[in-house]
Amino acid sequence: MTPASPSTRRLALLLAGLAMFGPFSIDTIFPAFLLLGERMQVDQVAVQQTISVYLLFYGLMSLAHGPLSDAFGRRRVIIGGLVLFIGASIGCALSRDMTTLLVFRALQGVTAGVGVIVGRAVIRDLYHGADAQRLMSQVSMIFGVAPAIAPIIGGWILLGGGDWPLIFWFLVLFGVVLLLATGKWLPETHPVEARTPLSMRELLRSYVRMGSNPRLLRLAAAGAFNFSGIFLYIASAPVFVMQHLKLGEGGFAWLFIPTIGGMTMGSFLSGRMAGRLTAQRQIAIGFGLCAVSALLNLGYVFSVPQIMLPWAVLPIFLGGVGMALIFPILALAVLDMYPHQRGLASSMQMFIQLMINTLVAGVVSPLLSARPVHLALGYAGFFAIGASFWYWERHRERRRDVLTPIE
């Protein structure tokens with residue numbers, strides 16, 4: 001296949017759709033938080049755990065999706081994950097108490113990462129260099145629509161008179177559509193002769209090797225902490241939208257459209273920059289935009305007694321652009337470190353990101369979401385940590401370049 005062919009465009013759409021059912025599972029239920037608390041007779045801290053539990057198991061299982069696809073093939077693992085996701089979503093829709101709902105949310109998390117993790121390995125199986133960056137950027141650009149429209153869909157369902165279980169029935173329908181599309185259009189990109197036998201001993205040994213690789217950890221942390229700045233606002237969306245901006249259940253678009261619009265624009269620009277700018281230059285531009293975004297955000301929230309639209313969300317748009325310029329390059333750099341274990345490397349990278357996201361959703365967001373100033377400080381802090389890991393890696397890379405001729 002070539003990047004210009006119709007089959008590649010179809011592949012980009014399909015891989016983006018497969019990546020979407022993870023964020024759909026998180027964001028679609030945001031407008032139902034208050035209603036869910038009333039129906040289940042629990043407080044909002046308990047409702048927040050529907051996100052934390054989901055992310056925890058998403059992260060833990062992310063360690064398995066990649067190795068399973070390395071052993072059994074990309075297509076088979078994605079189809080299996082979709083079938084389990086559909087079953088878990090049915091269980092969520094039929095739940096009548098918080099304990100049962102959390103069990104099925106955990107099962108959703110176990111399955112939801114298969115699309116994005118294995119999808120990255122599919123891209124790297126097929127393409128190299130700038131072509132891989134372009135396809136990764138196309139997938140990110142299309143996938144970026146999901147977090148924007150998911151809470152809007154959830155709000156429409158509730159405003160149309162539906163109860164919270166209808167949101168999970170929507171996820172069932174979405175999963176069925178993806179299953180049919182995958183069965184028809186997804187090729188197997190990992191041939192039998194290239195597969196790695198699944199051995200628990202070897203798997204643990206590989207994860208220990210990757211987990212102790214300082215370069216992988218620096219690259220993965222740079223991307224994960226940078227994304228956490230954006231994710232802090234996503235995880236805090238119910239409080240930010242309903243309490244700070246004083247909008248109703250249909251107001252989530254005011255946060256998510258600018259946020260995801262920035263990420264989509266950044267993904268588009270990343271695809272255009274592929275092969276024209278060096279990776280280091282593109283990442284420097286991305287972190288520069290994130291820094292400007294953080295400073296504008298801090299300046300605004302410190303200068304007004306009550307945040308208002310559109311100024312409260314415009315800096316986040318700029319941060320989304322910067323984050324999307326950075327992500328494809330860091331993701332591909334990790335995969336290129338282990339060309340014979342790309343699924344495993346993708347899993348390791350996603351595990352690190354999701355564990356940090358779990359802490360953001362379960363600990364940092366509840367601590368900071370009460371005041372816009374605290375959210376803005378957290379936003380800036382995560383960007384700063386991500387940039388620190390990247391420049392640490394650049395320093396180590398320059399040092400390796402200097403020492404290599406001597407060795």
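Small disclaimer: the values here were computed from a predicted structure and weren't measured.
Scanning all heavy atoms of the two residues, the minimum distance from Ala32 to Trp164 falls at CB-CB, 4.1 Å. Across all non-hydrogen atoms, the minimal contact from Leu232 to Val360 is CA-CG1, 3.8 Å. In terms of heavy-atom proximity, Val313 sits nearest to Trp254 at CG1-O, 3.5 Å. Of all the heavy atoms in Ala181 and Leu14, the pair that sits closest is CB-CD1, 3.9 Å. When all heavy atoms are compared, the tightest approach of Ala324 to Pro328 is O-CD, 3.0 Å. Among all heavy-atom pairs drawn from Met40 and Leu101, the shortest one is CE-CD2, 4.1 Å.
Annotation: the span from Leu166 atom CG to Leu158 atom CG amounts to 8.5 Å, rounded to 0.5 Å. Met348 contributes atom CE, which lies 4.5 Å from atom CD1 of Ile352 (distance to the nearest 0.5 angstrom). With rounding to the nearest 0.5 Å, the separation of CD1 in Ile283 from CH2 in Trp390 is 3.5 Å. To the nearest 0.5 Å, atoms CZ (Phe168) and OG (Ser95) are separated by 7.5 Å. Interatomic distance, Leu314 CG to Leu309 CG, rounded to the nearest 0.5 Å: 9.0 Å. A distance of 7.5 Å separates CD in Gln349 from CG in Leu330, rounded to the nearest 0.5 Å.
Counting non-hydrogen atoms of neighbouring residues, nucleotides and ligands closer than 6.0 angstrom, the CD atom of Gln41 reaches no more than 12 such neighbours.
Asp97 places a side-chain N or O within donor-acceptor distance of the main-chain N or O of Thr99, the cut-off being under 3.5 Å. Between the side chain of Ser236 and the backbone N or O of Val239, no donor-acceptor pair lies under 3.5 Å. Not one N or O on the side chain of Ser293 forms a donor-acceptor pair closer than 3.5 Å with the backbone of Leu289. The closest donor-acceptor contact from the side chain of Gln306 to the backbone of His244 lies under 3.5 Å. Formation of a donor-acceptor pair under 3.5 Å by the Ser388 side chain with backbone atoms of Ala384 is found in this model. Here the side chain of Thr28 pairs no donor or acceptor atom with the backbone of Ser25 at under 3.5 angstrom. A donor-acceptor pair is defined here as one N or O able to donate and one able to accept, closer than 3.5 Å; such a pair exists between the side chain of Ser303 and the backbone of Gly299.
Counting heavy atoms from C-beta outward, Phe104 and Leu94 have side chains that stay 4.5 Å or more apart. Leu247 is not listed as a side-chain neighbour of Leu255, based on a closest heavy-atom distance of 4.5 Å or more. Under the 4.5 Å side-chain criterion, counting only non-hydrogen atoms from C-beta, Phe287 is in contact with Asn226. Looking at heavy atoms from C-beta onward, Val118 lies out of side-chain contact with Leu68 at the 4.5 angstrom threshold. A 4.5 Å side-chain heavy-atom check between Ile329 and Met273 finds every atom pair outside the cut-off. Leu84 has its side chain out of reach of Val114: every pair of non-hydrogen atoms, C-beta onward, lies at least 4.5 Å apart.
For Ala312, the side-chain contact (heavy atoms from CB on, under 4.5 Å) test picks out Phe240, Leu245, Tyr300, Ile307, with sequence neighbours left out. Contacts of Arg215 classified as side-chain hydrogen bond (donor to acceptor under 3.5 Å, both in side chains), with partners at least two apart in sequence or in another chain: Glu393. Annotation: side-chain contact (heavy atoms from CB on, under 4.5 Å) contacts of Leu296 (sequence neighbours excluded): Val292, Pro315, Leu318. Remark: Tyr379 engages Tyr233, Phe383 in a ring-ring contact (aromatic ring centres under 6.0 Å, His included) (not counting sequence neighbours). For Phe170, the ring-ring contact (aromatic ring centres under 6.0 Å, His included) partners are Phe24, not counting sequence neighbours.
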Discussion item. I'd like to know whether Met263 forms a side-chain contact (heavy atoms from CB on, under 4.5 Å) with Phe327, so could you lay out the CA-CA distance, the side-chain angles of the two residues, the decisive distance to 0.1 Å, and finally the verdict.
Written reply: CA-CA 10 Å; Met263 294 168 63; Phe327 166 76; over 6 Å; no
Worksheet item: When you look at Leu180 and Trp185, which way does the side-chain contact (heavy atoms from CB on, under 4.5 Å) test go after all the steps?
Response: CA-CA 9 Å; Leu180 295 174; Trp185 288 316; over 6 Å; no
Practice prompt. Mind running side-chain contact (heavy atoms from CB on, under 4.5 Å) on Gln353 and Tyr58 for me, showing each step along the way?
Written response: CA-CA 10 Å; Gln353 178 173 320; Tyr58 191 153; over 6 Å; no
Fill in: Check against side-chain contact (heavy atoms from CB on, under 4.5 Å), Ile326 and Gln282
CA-CA 7 Å; Ile326 294 164; Gln282 182 173 322; over 6 Å; no
Donor-acceptor pairs are to be reported for all side-chain atoms of residues 75-82 against protein atoms at under 3.5 Å, with residues two or more places apart or in another chain.
residue, atom, partner, partner atom, Å
Arg75, NE, Leu186, O, 2.9
Arg75, NH2, Gly183, O, 2.4

